[in-house]
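I have placed the structure first, in the form of structure tokens, so that the comments after it can refer back to it.
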Amino acid sequence: MMAGAFLLVSISAPQRVFRVSLLNCLVGFLLLCLLVFAIRGEPQFATPFSERLYHRLEASNPAGFIALPWAQRSVFIASCLLGLLAVSRLAASETFRRSLLATIGVSGLAVAVYSLAQRFLGLPLVPWALIEGTPEWFNASFFHYSATAACINLAWPLIVFGPPPKWIGDKNGKRLIFQTVILSLVLAALIPLGSAAGLAVALGLAAVGFGWPWLFRHGLTIRRNLIAAVGGTFLVIGIWQGIEVWKVMKQFPDGWKGSAQTIQGAEMRDGRLEGLSRQRGDAIIPSDSPVRPTLWLAGLRMAADYPLLGRGPGTWANLSATYSNDPLVNTFFHARQFIHNDPLQTAAEWGWVALLGWGGLLLLAGAGSIFPIRFDLSFDGMAWAGVGVLIHSTVDFPLQCPGIQLWLVLLLGLACSSKNYGT
């Protein structure tokens, strides 16, 4: 964070003034939210057993815990926001833009290559960068299950649909071969994993990306069509998720329409859960309820309790026991860490006002790089990468992974560059 602050000051110092702009105001507001969270401090766990269970899961499967501790996560997010501002000022350099996009793209593809090498060549596990701890803390094999899918969905479009390497030049045939080889690598890494969401997003990005020349020739890439396509995709996902949540609500006597009874019954539910875990000898107990819709509903209840400003990033693990009528869903370590819907988790942990701040950054980036195209990177690479990881974030937790979070924020910095907004 100190490095990001120093870089930002050194870039801004020659101007003798820190300009007031929408980008600066949005980032400043989110930093202020983090400061408020830091002053409040981390909330305690909702029930004694929920804390014991969380730490038990963490100790029994450290490779599954990819969430940074509460204080470290806040510092990391602040660092990302400072990095966003720094990148927005450095993006005037075409060399910098191309180098950053290539770095993110190649890094993501390296994860896919190593995952394939693990499967077919028997390479050993390695710790994942940006996650502290011993080699047991994280490994490429586990990362490969769901977060690798999101990682690849963010990175590979920058290589396939972004500015072509210089050795390809303007030869369409040569570039098509290059794109096909990279896409084959991506699908080879995704198909055997059972990561349906990651594979679906990758195939969707490929279909639109390869069809982009045809869409352009037929005049379908105009502003309103792009807005309709992207907005329509998220609308369809939201409707589907709403239906799934409604189905879960029907399973419980009170319809999960209020949180008062759920909070009052938290200790009783945890007592039942503790008894079951002792009988089995472990803490992971299967539930008859669908995991993601049940988590989404609990996340909605938590977000409703914090309509303005939440308790801070990472507090889902501490407070979720009071919002889930089905405690068995929360026995899996990923359910204890994540709601499996990053926008909803942001609303639950940050509050709806702060969620609007993050949404403002996304809209500002979209206005700069997508609607309309502002600089010479073209719509292709950066737009597909950003849209891809955001689609994935509605059914999974890519933005909770530090590496992917950092990559996306840096892309937002490029899209909100000084070339567009004078920041």
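Positions are given from 1, in the same order as the sequence printed here.
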Original post:
Does one side chain, of E42 or N318, offer a donor that lies under 3.5 Å from an acceptor on the other?
Top reply: yes

Within the 3.5 Å criterion, strictly below it, is a donor on R73 or Q400 matched to an acceptor on the partner's side chain?
yes

Residue pair [X] / [Y]: nearest heavy atoms and the distance that separates them:
X: T322; Y: A46; result: CG2-CB, 3.2 Å
X: A317; Y: S320; result: O-OG, 3.9 Å
X: P313; Y: F37; result: CD-CD1, 3.6 Å
X: L406; Y: C80; result: CD1-SG, 3.9 Å
X: L309; Y: C33; result: CD1-SG, 3.7 Å

| message | Is it the case that the side chain of T394 and the backbone of L390 share a donor-acceptor pair, with hydrogens and angles ignored and the cut-off at 3.5 Å? | response | no

Flag, side chain of R89 to backbone of L85, donor-acceptor distance under 3.5 Å:
yes

Are the side chains of [X] and [Y] in touch, meaning some heavy atoms are under 4.5 Å apart?
X: W358; Y: L26; answer: no
X: E244; Y: Q241; answer: no
X: L100; Y: L411; answer: no
X: L34; Y: V75; answer: no
X: T315; Y: M302; answer: yes
X: S74; Y: L68; answer: no
X: W316; Y: L344; answer: no
X: F45; Y: H55; answer: yes

Between [atom1] of [X] and [atom2] of [Y], what distance do you get to the nearest 0.5 Å?
X: L81; Y: L361; atom1: CG; atom2: CG; value: 7.0 Å
X: R40; Y: R311; atom1: CZ; atom2: CZ; value: 6.0 Å
X: F96; Y: S99; atom1: CZ; atom2: OG; value: 8.0 Å
X: L410; Y: Q405; atom1: CG; atom2: CD; value: 10.5 Å
X: I339; Y: D396; atom1: CD1; atom2: CG; value: 13.0 Å
X: L362; Y: C416; atom1: CG; atom2: SG; value: 8.5 Å

In sequence, state the C-alpha distance, the side-chain angles, and the governing distance for L295 and N341, and then conclude on side-chain contact (heavy atoms from CB on, under 4.5 Å). CA-CA 9 Å; L295 291 173; N341 183 314; over 6 Å; no

#### Entry: Step-by-step side-chain contact (heavy atoms from CB on, under 4.5 Å) determination, L35 to L31
CA-CA 6 Å; L35 179 60; L31 289 173; over 6 Å; no

Looking only at the aromatic ring of each residue, does the gap between the centers of H392 and F397 stay below 6.0 angstrom? no

Check: W240 ring centroid to W296 ring centroid under 6.0 Å
yes

- Task: Quick one: do V245 and T294 satisfy side-chain contact (heavy atoms from CB on, under 4.5 Å)? Show the steps, please.
- Result: CA-CA 7 Å; V245 168; T294 304; over 6 Å; no

**Request:** Show your working on side-chain contact (heavy atoms from CB on, under 4.5 Å) between I391 and T233 and close with a plain yes or no.
**Result:** CA-CA 8 Å; I391 290 175; T233 299; 3.9 Å; yes

Contacts satisfying side-chain hydrogen bond (donor to acceptor under 3.5 Å, both in side chains) that involve residues 343-352 (not counting sequence neighbours) are Q345-E349

